[in-house]
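Worksheet: one structure, shown below.
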Amino acid sequence: MTTAHPRPNSPDSPDAGAGVASASPDGTDPLAVVDPTDPIDVRDPLDAPRPAGGFRSRVVVFGDVLDDIIVTATTPMVRGTDTDALIRHRAGGAAANTAAWLGSLGTEVDFVGRVGIADRHRHAQLLADAGVAPRLTYDAHHPTGTVVITVDGDESSMYTDRGASATLDPDEVPDELLRSAAVLHVTGYSVVHSRTPVPLRRLLARARDAGVAVSVDPGSSGFIDRFGAEAFLETVQGADLLFPSPAEGRLLTGLDTEHEIAESLAGRFGVVCVVRDDGGAVLARHGRPVVDVATLATRMVDPVGAGDAFVAGFIDSWRTNRKPGVAARRGARAAARAFAVTGGRPPA
């Protein structure tokens with residue numbers, strides 16, 4: 001990740017990352033400018049906002065809400081003994097992170113998830129503080145899921161115990177919630193850890209029947225590998241938006257380069273955005289040239305949640321204008337903000 005102008009704020013300051021992508025001297029937002037020659041944003045009939053029920057802009061996010069323990073070693077690790085480290089506790093979960101970033105951007109967003117009985121009020125308040133309408137159920141037998149994240153530079157590795165999130169049921173998303181939504185967003189964790197993909201397929205079908213666009217973040221190459229790449233693709237077939245990382249894209253397609261991955265997956269999904277580790281992306285639509293989206297320079301604090309923030313920035317823009325090029329630049333801006341804070345959520 002490229003590093004630029006150090007910020008005067010601490011990593012957890014409410015203004016962290018706010019300086020990226022500032023407006024141009026004439027007051028316009030450079031990320032909202034559409035190049036008329038950019039083939040990715042040429043309008044077609046699929047770009048019109050969904051007409052069912054009139055104009056809708058709410059987003060429903062379904063999936064994991066977890067507790068993160070983020071470990072960053074401050075001295076070289078020596079196995080079998082102590083290593084000095086910074087250890088931070090943060091609320092997490094890829095789906096909940098995306099919902100929180102959406103809320104921080106001003107999107108009306110509902111989050112459907114499950115936690116342990118002791119944590120329901122705490123997590124509901126944290127989501128509400130981020131501007132999210134929490135719709136949490138609780139599990140009396142399993143605690144809230146936990147992820148231990150080890151950070152090494154701009155890379156992170158996870159030890160995951162999904163806890164109560166593993167018992168989350170897609171049928172718990174009510175039809176009336178979908179009828180008020182523009183987008184339903186789910187993560188791959190809800191696919192690969194389900195006992196059967198049938199309930200999730202049913203949820204995606206209910207969303208489509210209600211005129212709701214479906215967005216999918218595959219989430220984890222390791223879990224997808226164990227679940228099966230083709231089985232995963234079949235479960236989420238027909239989604240309007242797909243946000244794989246390069247590693248997930250290679251696993252799903254068997255191809256190497258980000259351009260090849262994006263172009264291949266665009267044959268099965270409406271818009272494919274391969275989100276790079278540096279916060280940039282490669283964007284593709286079927287039958288259109290592949291487009292590169294540059295990363296935005298920012299101070300690197302940790303990489304946790306940058307992909308979730310990218311997805312939120314993209315959906316926040318795309319839900320109303322259906323312009324993926326503009327939306328991807330919004331996503332890159334949100335990812336840059338995420339790099340500049342500790343943990344996967346926007347600062348309170």
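FYI, side chains are in, hydrogens and waters are out, and symmetry mates aren't considered; it's all heavy atoms of this structure.
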Tell me, please, which residues at least two apart from [X] pass salt bridge (Lys or Arg N to Asp or Glu O under 4.0 Å).
X	answer
Arg202	Asp171
Asp175	Arg206
Glu108	Arg58

Practice task
Take Ser156 and Asp152, measure what side chain to side chain donor-acceptor pair (under 3.5 Å) needs, and give me the verdict at the end.
Solution key: CA-CA 6 Å; Ser156 56; Asp152 183 7; over 6 Å; no
4.5 Å side-chain heavy-atom contact, [X] and [Y]:
X	Y	answer
Thr150	Tyr159	yes
Arg337	Thr298	no
Phe227	Val191	yes
Val60	Val183	no
Val274	Pro246	yes
Pro346	Val341	no
Leu177	Asp110	yes
Val61	Leu102	yes

Practice task
For Thr187 and Asp217, test the side chains for any donor-to-acceptor distance below 3.5 angstrom and give the result as yes or no.
Solution key: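 No, no side-chain donor-acceptor contact under 3.5 Å.
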Practice task
Please check if any side-chain donor atom of Asn321 sits under 3.5 Å from a side-chain acceptor atom of Ser317, or the reverse.
Solution key: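 Distance-only check passes for Asn321 and Ser317.
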What pair of heavy atoms forms the shortest contact from [X] to [Y], and how long is it?
X	Y	result
Ala124	Pro134	O-CG, 3.5 Å
Tyr189	Gly219	OH-O, 3.0 Å
Pro324	Phe314	O-CE1, 3.6 Å

Would [X] end up clustered with [Y] when hydrophobic side chains under 4.5 Å apart are linked, directly or stepwise?
X	Y	answer
Val151	Ile69	no
Phe111	Leu241	yes
Val236	Leu252	yes

Check: [Y] main-chain N/O paired with [X] side-chain donor or acceptor under 3.5 Å:
X	Y	value
Thr107	Val109	no
Arg319	Ser57	yes
Glu248	Ser220	yes
Ser264	Glu260	no
Asp68	Ile70	no
Asp240	Val214	yes
Ser190	Val186	no
Arg56	Arg179	yes
Arg114	Ser165	no
Trp318	Gly325	no

Exercise for the section: Test Arg135 against Glu172 for salt bridge (Lys or Arg N to Asp or Glu O under 4.0 Å), laying out the working first. Expected result: CA-CA 10 Å; Arg135 295 173 178 265; Glu172 294 175 9; over 6 Å; no
Problem - Greater than 12 external heavy atoms within 6.0 Å of Tyr138's OH - result: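 It does not: Tyr138 OH has 12 such atoms or fewer within range.
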Problem - Glu263 atom CD, neighbour heavy-atom count above 12 within 6.0 Å - result: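 Result for CD/Glu263: open.
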Handout entry: Salt bridge flag under 4.0 Å for residues Asp256 and Arg250
Key =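 No, this pair does not count.
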Exercise for the section: Please report the C-alpha distance between Asp139 and Thr167 in whole Å, then the side-chain angles of each, then the deciding distance to 0.1 Å, and finally whether the side chain to side chain donor-acceptor pair (under 3.5 Å) criterion is met. Expected result: CA-CA 8 Å; Asp139 192 312; Thr167 62; 2.8 Å; yes
Exercise for the section: List the steps and the verdict of side chain to side chain contact (heavy atoms under 4.5 Å, CB included) for Leu86 and Thr74. Expected result: CA-CA 7 Å; Leu86 292 174; Thr74 56; 3.9 Å; yes
Problem - Working for salt bridge (Lys or Arg N to Asp or Glu O under 4.0 Å), residues Arg90 and Asp302 - result: CA-CA 13 Å; Arg90 295 288 188 273; Asp302 81 45; over 6 Å; no
